[in-house]
Amino acid sequence: MTTRDLFLFIFAVFTALTTAGAQSSTKSLEFYGPLSEIYDGADNMFFNTEDTVSVSFVGEVSNEKMLNGYAEIRSTGQIVTYSGKIEDGIMRDENAEVLQITSDSTSDFYKGNFNGYEFDSCFYASGSDESLFFGKMNGGTIEDDEAVYIGPLRNIYDGDISVFVEESQFLNYSPEYFDNSDHTFYNGGMRNSKVAGTGSLAVIHDEDTLRYSGEFENAMAQGVGALTVGNFYSYTGHFVDGQIAGMGELTSEKFSSIFTGSEFIPNTDGNLTIKGLWAGTSGLSEYFRVTDADGNEEKLRVVDGEIMELGFLQKIGNAISGTKAAEWLEEYDEEFQKFITGAAILNAGACASSLIPQVAPFTGPVCVVGFFGIMGFESAKLTILTFRHIDKQCYTDDCVETSWKNYGKEQLINVGLIAAPFAVGSAMKAATPSIKSLLNSIKLSRYAKAISSSKNAEIVANLEKLPEINISRAKEIDIVNDHLALKQAVVDHTGKSFRDGFVEFFIRLKKSGREDLIEEIWNSHKNYIKKSGIRAGGVHEWLEAENFVNFLLNPKWGKDGAYLAYTLTKMTQPTTEVLLKNGGAHTVINSAGRKIPGPKSGRFHQNLGQKIESCSDAGCIFATLNDFARKTLTTQSFEGYVKMERAVLQ
């Protein structure tokens, strides 16, 4: 044997020795003992690697452990059997089956995709309560937006379903006592194996079926949904904590004599639909709207279980609101406002020419008639729209009272403006506006023009063209209760920081018709919005932060509301620069070096608020604030105001 042959022989022996442990073969084997001795995977949802198991395996083996093949693995302690593939040494199969027998001899059966640690999607049947699940799993629970469940309601629902079928003073039926042990069919979102997101639920009790389709939160009906309870009633509207709560419509043929015996209800044969604010089937706010099977509609009140007509003013408003003229006026309000503004500018020209003695006899009466005509039309428009707002949106006394309060304030302003020419005319023995009124009209028209051509107006117009914002009920609740959720919502919907995007967020909510959500957010997070958005600290807002939501929600501001809300954050001066002519100041620095309210600053703010409240459009506000600043501030502070005003109106 040559040296070369000896070297090759030694190399072959070495290679055989070093690779002998890595060889694999296909064979059938039976095993009994600790799982770790035949299995390379880690613990999973059914097996601990230290469990004593019996294994039947056919396939490829490596190092005396299962590598690739098919196995049946049975744990002798917990009585769990896995039937499925072994891939790369672990239990992995798209159609694996697991049978688990519990101590009371009931069984749970799983079939689906086992990934080595758990089923991430499967069919699951529970023998203990005869329930079935279909859906994706995570951590041993169903986590799926399109899950299917069949079984007792208690497994997936935490609310009390019986609240939907209780004795009711408003409904006349013998209720079926549904409960959470009733058989259920469900299709929709699930989290932690409970209802979540949106879905459809059917609960069967004897021969009656309760159906709910809508939003769920905290494993209960929450948000907006539709409910049908046997042949008793159906409801579409809001739910809170698993109960009917909030605005909704309830339809039934089984309303009690409170409704069917009332002379004010339209035809009571067949279904009646009642729309109002509900607190369960026995709780209804004072105002409601009832519609009979023929579509006849009536708005009424219920007080202490008695049906009553609306008050005199509301009956008039209800009649006015239902006219075509009112619908037309609401639809074309923006165009009417442009017409009124243009007419006011033209009338200001007539009033200006009335100062020339030669033409005063002709233009003076034109000025007066034009003034009264414009104010009269504006007042009538406001009255009709206020009636319409109350009729369409008010289901509580607070809403009615607030609407009339705003309307009343506006009317006082109009009365004052209408009465002004008489006072001036009496003093000057002529029916023409005073020079002061004339100059104010010219100033108003100048501001109106400056506002309409400002960059801010252009930005607001572009914001109002952005798409509406749609927010799930669950997200709304998060936003209202947590300012960090509000901050994140602003970032998500605007792509900007909270400081730069919160006004856009609110303007788009208004465009979406979500005045209710705007008010809820403001009531919950007013201080946070001021501090983090408007940034009240260290600056004086001439439009006052308290007015932010009023500008957006009060109908008197019209299209100017969004502009004023957007401009509020720009109409600011450093507080230490707001010095008053009477020796007072907005802010002073005390002996400790801290900024505190200055002398007479409270009265200054009170008067400023009254000035803003006296207006109904942006032009009036800017003109009024300029006059107020000129009369109230020192020369240097007023120069700072004018500089700021010009920057805003550029």
Side-chain angles (χ1 to χ4, degrees), residues 150 152-154 156-188 195 198-216 220-262 264-285 287-298 300 302 305-307 395:
I150 302 172
L153 178 64
R154 61 175 174 268
I156 62 171
Y157 193 83
D158 287 347
D160 181 6
I161 206 76
S162 68
V163 299
F164 297 133
V165 197
E166 295 178 336
E167 299 286 351
S168 167
Q169 62 173 323
F170 289 163
L171 294 169
N172 181 24
Y173 60 81
S174 299
E176 292 289 345
Y177 293 99
F178 287 77
D179 61 43
N180 287 26
S181 64
D182 287 330
H183 202 66
T184 300
F185 295 86
Y186 176 75
N187 175 226
V195 293
T198 60
S200 297
L201 180 73
V203 184
I204 301 172
H205 183 88
D206 293 338
E207 296 181 359
D208 286 295
T209 302
L210 182 153
R211 300 180 187 276
Y212 173 85
S213 179
E215 299 175 328
F216 295 91
M220 292 181 287
Q222 175 113 343
V224 178
L227 174 73
T228 301
V229 182
N231 63 349
F232 303 141
Y233 72 90
S234 61
Y235 170 85
T236 301
H238 287 83
F239 295 78
V240 176
D241 294 335
Q243 298 192 44
I244 291 172
M247 179 61 70
E249 292 185 341
L250 194 151
T251 301
S252 178
E253 288 185 337
K254 302 180 183 297
F255 278 109
S256 69
S257 58
I258 294 174
F259 295 94
T260 58
S262 171
F264 306 120
I265 302 289
N267 177 22
T268 57
D269 294 331
N271 282 333
L272 290 178
T273 296
I274 294 179
K275 180 178 181 180
L277 291 177
W278 294 89
T281 57
S282 296
L284 183 64
S285 67
Y287 298 95
F288 67 91
R289 198 182 307 274
V290 60
T291 307
D292 67 15
D294 297 327
N296 302 310
E297 184 178 270
E298 189 74 30
L300 298 164
V302 58
E306 182 180 353
I307 307 299
Y395 288 85

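We're numbering straight along the sequence, starting at 1.
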Excluding sequence neighbours, so at least two apart, what forms ring-ring contact (aromatic ring centres under 6.0 Å, His included) with Phe185? His183
Is any side-chain heavy atom of Ser181 closer than 4.5 Å to a side-chain heavy atom of Arg154? yes
Asn172: partners by side chain to side chain contact (heavy atoms under 4.5 Å, CB included), with sequence neighbours left out: Ser256
When rounded to the nearest 0.5 angstrom, what distance separates CD1 in Ile204 from OG1 in Thr184? 8.0 Å
Return all side-chain donor-acceptor pairs below 3.5 angstrom for residues 239-252, not counting sequence neighbours, or 'none' if the list is empty.
unit_1	atom_1	unit_2	atom_2	d
Thr251	OG1	Thr273	OG1	2.8
Ser252	OG	Phe232	O	2.6
Ser252	OG	Lys254	N	2.8

Asp158 meets the side chain to side chain donor-acceptor pair (under 3.5 Å) criterion, sequence neighbours left out, with Lys194
Criterion side chain to side chain contact (heavy atoms under 4.5 Å, CB included) on Val229 and Tyr235, from CA distance to verdict: CA-CA 9 Å; Val229 182; Tyr235 170 85; over 6 Å; no
Do Leu210 and Asp182 have side-chain heavy atoms sitting under 4.5 Å apart? no
Can you sort out the partners of Phe178 under ring-ring contact (aromatic ring centres under 6.0 Å, His included), two or more places apart, ordered by chain and number? His205
Measure the CZ-CD distance between Phe255 and Gln169 for me, rounded to the nearest 0.5 Å. 12.0 Å
What closest approach, in Å, do Asp208 and Gly230 show between heavy atoms, and which atom pair accounts for it? OD1-CA, 4.1 Å
Can you name the residues that form a side chain to side chain donor-acceptor pair (under 3.5 Å) with Asp292, not counting sequence neighbours? Asn296
Taking all non-hydrogen atoms of both residues into account, name the closest pair between Leu153 and Ile161 and its distance. CD2-CB, 3.8 Å
Side-chain (Thr281) to main-chain (Ser168) donor-acceptor, under 3.5 angstrom: no
Go through the structure and list residues passing side chain to side chain contact (heavy atoms under 4.5 Å, CB included) with Asp269, not counting sequence neighbours. Asn267
For Asp160, which residues count as a side chain to side chain donor-acceptor pair (under 3.5 Å) partner, sequence neighbours excluded? Ser162
For Thr209 and Ala202, the nearest pair of non-hydrogen atoms, with its separation, is CG2-CB, 4.3 Å
Please identify each residue that fulfils side chain to side chain contact (heavy atoms under 4.5 Å, CB included) with Thr198, with sequence neighbours left out. Glu215
For residues Tyr233 and Leu227, determine if any side-chain heavy atom of one lies less than 4.5 Å from a side-chain heavy atom of the other. yes
Please determine whether the number of non-hydrogen atoms from other residues, nucleotides or ligands lying under 6.0 Å from atom CZ of Arg211 exceeds 12. no
By side chain to side chain donor-acceptor pair (under 3.5 Å) - contacts of Thr236 (at least two apart): none
Residue set satisfying ring-ring contact (aromatic ring centres under 6.0 Å, His included) with Phe170, at least two apart, ordered chain then number -> Phe259
List in chain and number order the residues that pass side chain to side chain contact (heavy atoms under 4.5 Å, CB included) with Ser213, two or more places apart in sequence or in another chain; answer none if no residue qualifies. Ser200
What is the distance from atom CD1 of Ile265 to atom OG1 of Thr260, rounded to the nearest 0.5 Å? 9.0 Å
Any idea which heavy atoms bring Glu253 and Gly270 closest together, and the distance? CG-C, 3.9 Å
Shortest non-hydrogen contact from Ile274 to Phe288? CG2-CD1, 3.7 Å
Please name the pair of heavy atoms, one in Tyr212 and one in Val224, separated by the smallest distance, quoted to 0.1 Å. OH-O, 3.8 Å
Backbone N or O of Ala221 within a donor-acceptor pair of the Tyr157 side chain at under 3.5 Å? yes
